[in-house]
S.K.: 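Dumping the structure here so I can ask a few things about it.
Here the structure is a predicted model, which means the values were calculated and not measured.
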Amino acid sequence: MPMHVRDAMSSVVLTIGPAHTLRQAARLMSARRVGSAIVLDPDTCGLGILTERDILNSVGAGQDPDQETAHDHTTADVVFAAPGWTLDEAARTMTQGGFRHLVVLDAGGPVGVVSVRDIIRCWAPIPQTVPA
């Protein structure tokens, strides 16, 4: 029986605004132990995603994380998944698009994020050891 996005996704959805600095975003992502934040821009009525890789690329390019904003580093052409997608569909979409996170929408709003790591955890669970 195939597993679905709803089985793997993280329902911890961090949302930030476009004016958050990259340092603020990184602190929030670290505190929530997530690798991405959904950027809600009320001016465009759109959703974007900011990932740990976006922050890493900015810092690696010598940009100041206290000056750079989420808006300037947000991926706006986000590919969305539905909770009922199979994990195969999600993995194929990520591979074809070259990205590691999918925002999961249900009833028009974000309900989770599924990452490559989430899918791997479902496909190759760590066996539980039995105490001796």
S.K.: Please report the closest heavy-atom contact between Pro110 and Val103, naming both atoms and the distance.
M.R.: CB-CG1, 4.2 Å
S.K.: Any idea which heavy atoms bring Gly48 and Val78 closest together, and the distance?
M.R.: CA-CG2, 3.6 Å
S.K.: To the nearest 0.5 angstrom, please state how far the NE2 atom of His20 sits from the OG1 atom of Thr15.
M.R.: 8.5 Å
S.K.: Please tell me whether Ile120 and Val104 are part of a single hydrophobic cluster in this structure, the criterion being side-chain heavy atoms less than 4.5 Å apart.
M.R.: yes
S.K.: As an exercise, state the distance from OG1 of Thr74 to CD1 of Ile38, rounded to the nearest 0.5 Å.
M.R.: 11.5 Å
S.K.: Tell me whether Leu40 is reachable from Val12 by hopping between hydrophobic residues (I, L, V, M, F, W, Y) whose side-chain heavy atoms are closer than 4.5 Å.
M.R.: no
S.K.: Answer yes or no: is there a side-chain heavy-atom contact under 4.5 Å between Leu47 and Leu105?
M.R.: yes
S.K.: For His4 versus Gly84, what's the shortest heavy-atom pair and its separation?
M.R.: CD2-O, 2.9 Å
S.K.: For the CG atom of Asp88 and the CH2 atom of Trp123, what is their distance to the nearest 0.5 Å?
M.R.: 5.0 Å
S.K.: Shared ILVMFWY cluster between Val5 and Phe80, side chains joined below 4.5 angstrom?
M.R.: no
S.K.: Side-chain donor-acceptor pairs under 3.5 Å in residues 89-97, sequence neighbours left out?
M.R.:
| from | atom 1 | to | atom 2 | distance (Å) |
| --- | --- | --- | --- | --- |
| Glu89 | OE1 | Thr86 | N | 2.7 |
| Glu89 | OE1 | Thr86 | OG1 | 3.4 |
| Thr93 | OG1 | Glu89 | O | 2.8 |
| Thr95 | OG1 | Ala91 | O | 2.9 |

S.K.: If hydrophobic clusters are built by linking Ile, Leu, Val, Met, Phe, Trp and Tyr wherever their side-chain heavy atoms come under 4.5 Å apart, do Val13 and Val34 end up in the same one?
M.R.: no
S.K.: Quick check for you: to the nearest 0.5 Å, what is the distance between Asp41 atom CG and Ile16 atom CD1?
M.R.: 11.0 Å
S.K.: One pair to check against side-chain contact (heavy atoms from CB on, under 4.5 Å): Leu102 and Trp85. What are the steps and the verdict?
M.R.: CA-CA 11 Å; Leu102 286 170; Trp85 280 21; 4.1 Å; yes
S.K.: Just by distance, do the side chain of Ser115 and the backbone of Asp118 share a donor-acceptor pair under 3.5 Å?
M.R.: yes
S.K.: In sequence, state the C-alpha distance, the side-chain angles, and the governing distance for Leu22 and Leu50, and then conclude on side-chain contact (heavy atoms from CB on, under 4.5 Å).
M.R.: CA-CA 9 Å; Leu22 293 187; Leu50 178 74; 4.1 Å; yes
S.K.: Are any of the side-chain heavy atoms of Arg100 and Glu52 separated by less than 4.5 Å?
M.R.: yes
S.K.: How many angstroms lie between OG1 in Thr21 and NE2 in His73, if you round to the nearest 0.5 Å?
M.R.: 10.5 Å
S.K.: Please tell me whether Val113 and Val116 are part of a single hydrophobic cluster in this structure, the criterion being side-chain heavy atoms less than 4.5 Å apart.
M.R.: no
S.K.: If you take all heavy atoms of Met29 and Ile55, which pair is closest and at what distance?
M.R.: SD-CD1, 3.8 Å
S.K.: What are the two closest non-hydrogen atoms of Gly112 and Met9, and how far apart are they?
M.R.: CA-SD, 4.2 Å
S.K.: Can you see which heavy atom on Ala70 is nearest to which on Gly17, and at what distance?
M.R.: CB-O, 3.8 Å
S.K.: Between the main-chain N or O of Asp54 and the side-chain N or O of Asn57, is there a donor-acceptor pair closer than 3.5 Å?
M.R.: no
S.K.: What's the spacing between Ser10 OG and Arg121 CZ if we round to 0.5 Å?
M.R.: 9.0 Å
S.K.: Would you say that more than 12 heavy atoms from the other residues, nucleotides or ligands in this model lie under 6.0 Å from the CZ of Arg23, or not?
M.R.: yes
